Amino acid sequence: MATLRFKAVETAQNRPTVLVELPAEKVSDFFGINVFHDATVRKYISAESYKKLATAIEQGQKIDMELADAVASAMKTWAMAKGVTHYTHWFQPLTGSTAEKHDAFFDIDKGFSVLEKFKGSALVQQEPDASSFPSGGIRATFEARGYTAWDPSSPAFIMEIEGSKTLCIPTIFVSYTGESLDYKTPLLKSVAFVDKAATAVCELFDKDVKRVTATLGPEQEYFLIDKAMYYARPDLVMAGKTVFGHAPAKGQQLEDHYFGSIPSRVRAFMVDFEIEAQKLGIPVRTRHNEVAPAQFECAPTFEDVNLAVDHNILLMDVMEKVAERHNFKVLFHEKPFAGINGSGKHNNWSLGTDTGKNLLSPSSKPKENLQFLTFFVNVVKAVHDYADVLRATIASAGNDYRLGANEAPPAILSIFAGREMMNVLEELEKNATVKLEKGDNLYMKMGINKIPNIILDNTDRNRTSPFAFTGNKFEFRAVGSTANCAAPMTVLNTIVAQQLAQFKKDFDKAYAKSSKKDEDKNNTDKKELVILNILREYIKASKNILFEGDNYSDEWVKEAEKRGLPNVKSSPLALDALVTPKAEHLFVDNDIMNQRELEARHEIQLETYIKKVQIESRIMGDIALNQVIPAAVTYQNKLLLNLQGLAEAGLKDIVPSFKTILDAVKNISEHISKIQKNVHEMIEARKEANNLGNAREIALAYDTKIKAYFEPIRYSVDKLELIVEDEIWPLAKYREMLAVR
Ligand code: ADP
Ligand code: MG
């Protein structure tokens with residue numbers, strides 16, 4: 001009997017809204033109170049130490065032990081005053097979530113006196129016994145040594161969980177041999193690389209710029225499900241997604257959920273996690289419903305990419321913890337429900353200078369616009385040249401279900417520039433090499449003065465594009481909702497930096513040549529002409545990646561093929577792009593990752609993929625055999641009893657339902673035997689796949705052979721859901737799970 005299911009429905013329906021109290025009247029009164037941020041640091045250490053620390057952070061210098069001791073002691077004093085008892089190095093291993101190893105401040109010395117201690121050495125470096133973190137062969141499991149090292153550029157914070165408070169110190173995670181085992185290390189390197197390359201290009205326009213930072217504002221989509229419902233679905237518990245479930249009578253076809261009113265229980269949850277996030281200095285602000293029922297989104301204000309990455313991962317953690325209080329489960333999976341929109345994590349990205357300028361924001365001043373255009377075109381060229389590498393960073397078992405699934409961009413990378421920018425680019429490309437006559441206005445002649453002050457409005461937006469220019473930033477929409485933004489952001493920073501460095505080289509060469517030719521020409525105009533001529537060549541070389549139409553359409557898939565754009569649909573193949581000679585040049589030559597690190601990442605991604613599909617396949621088999629078939633048999637027996645009764649009463653040929661019931665019995669039998677056959681074949685296919693030589697082959701087998709059974713098994717199970725009596729059906733139905741209130 002489906003007791004668990006009905007209990008869950010009842011529990012979920014009767015849940016009261018958990019009241020949330022604001023910690024203070026205004027957000028500004030509690031924003032960042034759990035963060036050891038700049039202003040707090042200043043209060044707790046000497047002016048001299050503070051100066052040293054700030055310089056070290058800004059210039060990326062090493063921090064000596066004396067300074068580390070001072071910072072550690074300050075952190076301890078601050079944290080203990082807030083009731084903190086433990087500290088942990090907080091890091092982002094390649095598993096995708098975060099890892100912590102908690103240590104108590106208190107220490108007992110030889111004379112048995114208890115003391116609260118936190119030394120600089122404990123702040124700077126730790127050795128988590130973490131042989132189980134994936135390292136893709138870099139760190140053999142018997143060699144359990146990996147180190148976490150303090151990242152002073154991301155502030156320490158206090159995590160509160162049901163009464164206990166822990167001081168978390170953001171760190172990077174590296175192997176004994178110095179290779180990165182986490183997401184943060186290459187990200188930080190890419191941040192430095194893009195800073196250097198972009199600043200050098202800025203010098204052509206604005207000598208005041210001394211630093212450029214990549215900025216990120218990640219929009220996070222998620223589903224919210226009642227906790228009781230969640231536990232009534234073993235597939236959600238094990239795989240984070242439903243493997244079965246018939247589409248509900250009312251899905252998202254009315255689109256009445258989008259921007260609709262938020263149910264009070266959900267609103268309470270949102271208010272609560274936003275408060276917790278704000279205490280941690282995470283600037284969350286928007287809150288609205290998404291297209292699908294039970295789907296929501298939140299977006300923080302953008303920050304430096306390093307901090308934004310930490311904050312996004314931390315936010316996901318906070319959401320999961322706060323959800324417990326409200327009896328919800330947050331689903332971050334890219335496709336938790338078939339036939340209903342999936343979830344993404346739009347990565348809004350730009351470059352900002354230390355003089356406060358957004359380099360991807362057009363301006364009304366012609367000179368600044370040339371700078372904008374330079375950065376814009378270089379981003380287009382970078383994405384064009386390295387589309388395969390960028391594609392690899394969004395590859396995951398979950399995202400394979402989302403990309404191209406009618407409501408998410410396809411796996412083809414293209415860029416939406418918007419009508420105005422397309423006009424500008426076309427104009428620039430049309431003009432042959434420009435010769436300036438005396439008295440010519442360069443900007444007019446080149447059409448640059450026509451770059452309008454593109455207004456930020458939603459009308460000229462293409463929501464189907466995987467990589468869209470949205471007026472003052474690019475929005476990488478193909479990133480999956482579970483992803484750590486560090487992976488795509490590392491690559492985006494790196495390819496743009498690489499391209500900007502190339503641009504600078506091209507410029508220097510062409511400028512030197514043109515200077516020789518005519519010495520007397522106005523110097524400024526000449527520089528600008530050289531820039532424009534290079535940009536024109538770039539546009540020609542990369543314009544086939546620009547696409548303004550509907551990315552969801554079949555025509556685009558055909559058109560993209562004609563243009564020669566790669567369309568790699570599944571992860572195991574997409575990941576190949578991480579280990580090509582091209583990728584090696586990109587990452588190794590620019591000192592972002594060495595070859596071993598690249599290979600390790602490739603391997604870890606494949607292993608994660610295999611595990612995810614394997615779990616999904618297993619839970620599918622289990623539920624089908626242990627829950628679905630028994631329920632179907634029970635119902636079948638009920639029908640048989642009915643047939644027997646009719647026959648015994650001599651009504652077999654008189655009552656018309658005899659035939660239809662008999663058909664139903666046959667139908668159930670057919671589905672049962674199909675399920676059995678497919679599940680057993682799938683298990684055999686798994687065994688075969690697991691015996692293959694390397695991770696890539698296994699992953700490919702899981703992608704093509706094992707996943708091939710998912711559809712037919714699901715088809716039969718979902719049909720049975722429609723036939724079998726509701727009272728008996730063991731799995732919470734879509735309509736029940738999605739009706740959050
Ligand atoms: P959408 O219409 O795409 O849902 P939102 O307003 O929800 O837009 O989110 C836009 C995101 O882009 C926010 O996180 C915002 O802070 C971010 N953003 C705005 N400007 C920049 C920038 N210069 N760099 C990076 N992100 C930015
Ligand atoms: Mg968006």
Side-chain angles (χ1 to χ4, degrees), residues 27 31 187 190-191 194-195 198 202 209 211-222 255 257-260 262 270 274 277-278 281-292 295-316 319 341-363 368 371-372 375-376 379 407-409 415-416 418 453-479 481 483 485-486 488-490 492-493 496 551:
V27 174
F31 190 83
L187 176 71
S190 77
V191 166
V194 81
D195 171 18
C202 281
V209 175
R211 248 184 107 176
V212 174
T213 359
T215 50
L216 166 67
E219 296 162 57
Q220 178 73 52
E221 290 178 332
Y222 61 96
E255 301 214 337
H257 180 72
Y258 198 47
F259 290 129
I262 298 169
M270 287 175 168
E274 283 175 7
Q278 283 156 350
I282 306 171
V284 279
R285 35 167 210 101
T286 54
R287 141 178 7 131
H288 52 73
N289 287 3
E290 274 301 311
V291 180
Q295 192 188 28
F296 306 93
E297 179 194 294
C298 69
T301 304
F302 72 93
E303 301 173 279
D304 282 5
V305 64
N306 179 32
L307 201 54
V309 163
D310 281 3
H311 278 169
N312 175 252
I313 283 291
L314 192 53
L315 179 68
M316 288 166 79
M319 286 167 75
N341 273 11
S343 299
K345 172 149 37 199
H346 298 173
N347 279 210
N348 295 275
W349 175 93
S350 189
L351 294 170
T353 68
D354 58 343
T355 56
K357 220 183 128 26
N358 176 354
L359 292 168
L360 289 170
S361 185
S363 138
E368 285 180 4
Q371 180 176 351
F372 156 72
F375 279 92
F376 183 91
V379 173
E407 88 296 321
I415 300 176
F416 169 80
N453 211 348
I454 296 170
I455 334 145
L456 287 173
D457 79 271
N458 287 343
T459 53
D460 189 22
R461 281 216 192 177
N462 184 332
R463 295 196 169 267
T464 71
S465 175
F467 200 95
F469 179 64
T470 51
N472 61 355
K473 61 188 182 292
F474 280 95
E475 185 171 343
F476 190 13
R477 297 206 186 97
V479 184
S481 46
C485 302
M489 290 300 100
T490 299
L492 188 56
N493 291 339
V496 169
N551 285 258

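When a residue number appears, it is its place in the shown sequence, counting from 1. Whatever order the structure lists ligands and atoms in, that order sets their numbers, starting from 1. Hydrogens, waters and symmetry mates play no part in the numbers below; they use all other heavy atoms, side chains included. As the structure is a prediction and not an experimental result, all values here were calculated from the model.
- At distances below 3.5 Å, at least one donor-acceptor pair connects side-chain atoms of Asp195 with backbone N or O atoms of Val212.
- Those atoms of ligand 1 that come under 4.0 Å of a heavy atom in Pro300, given as number and element, are 13 (C), 14 (O), 16 (O).
- The shortest separation from a heavy atom of Arg477 to ligand 1 is not under 4.0 Å, leaving the residue out of contact.
- The proximity of Gln220 to ligand 1, defined as any non-hydrogen pair under 4.0 Å, does not occur for either the backbone or the side chain.
- Checked by distance only, ligand 1 and Glu219 come closer than 3.5 Å through their nitrogen or oxygen atoms.
- Between the side chains of Thr464 and Asn551, a donor-acceptor pair is found at a separation under 3.5 Å.
- Looking at His346 against ligand 1, nothing comes within 4.0 Å, counting heavy atoms.
- By the ring pair (Phe, Tyr, Trp, His ring centres under 6.0 Å) test, Phe474 is found to be paired with Phe376, Phe467, Phe469, residues two or more places apart in sequence or in another chain being considered.
- Residue Phe416 holds its CZ atom at 10.5 Å from CZ of Arg463, rounded to the nearest 0.5 Å.
- The shortest N or O to N or O distance between Ala299 and ligand 1 is not under 3.5 Å.
- Glu221 pairs by the side-chain hydrogen bond (donor to acceptor under 3.5 Å, both in side chains) definition with nothing, not counting sequence neighbours.
- In this structure, Lys345 and Asn312 have side chains that are in contact, with non-hydrogen atoms separated by less than 4.5 Å.
- Checked by distance only, ligand 1 and Thr301 stay at 3.5 Å or farther apart across all their nitrogen or oxygen atoms.
- Only the side chain of Arg285 comes within 4.0 Å of ligand 1, judged by heavy-atom distances.
- Only the side chain of Asn358 comes within 4.0 Å of ligand 1, counting heavy atoms alone; its backbone N, CA, C and O stay farther away.
- Atoms of ligand 1 found under 4.0 Å from any heavy atom of Arg463, numbered from 1 in the order shown, are 2 (O).
- Residue Asn462 holds its CG atom at 11.0 Å from CD of Glu475, rounded to the nearest 0.5 Å.
- Residue Phe302 places at least one N or O, backbone or side chain, under 3.5 Å from an N or O of ligand 1.
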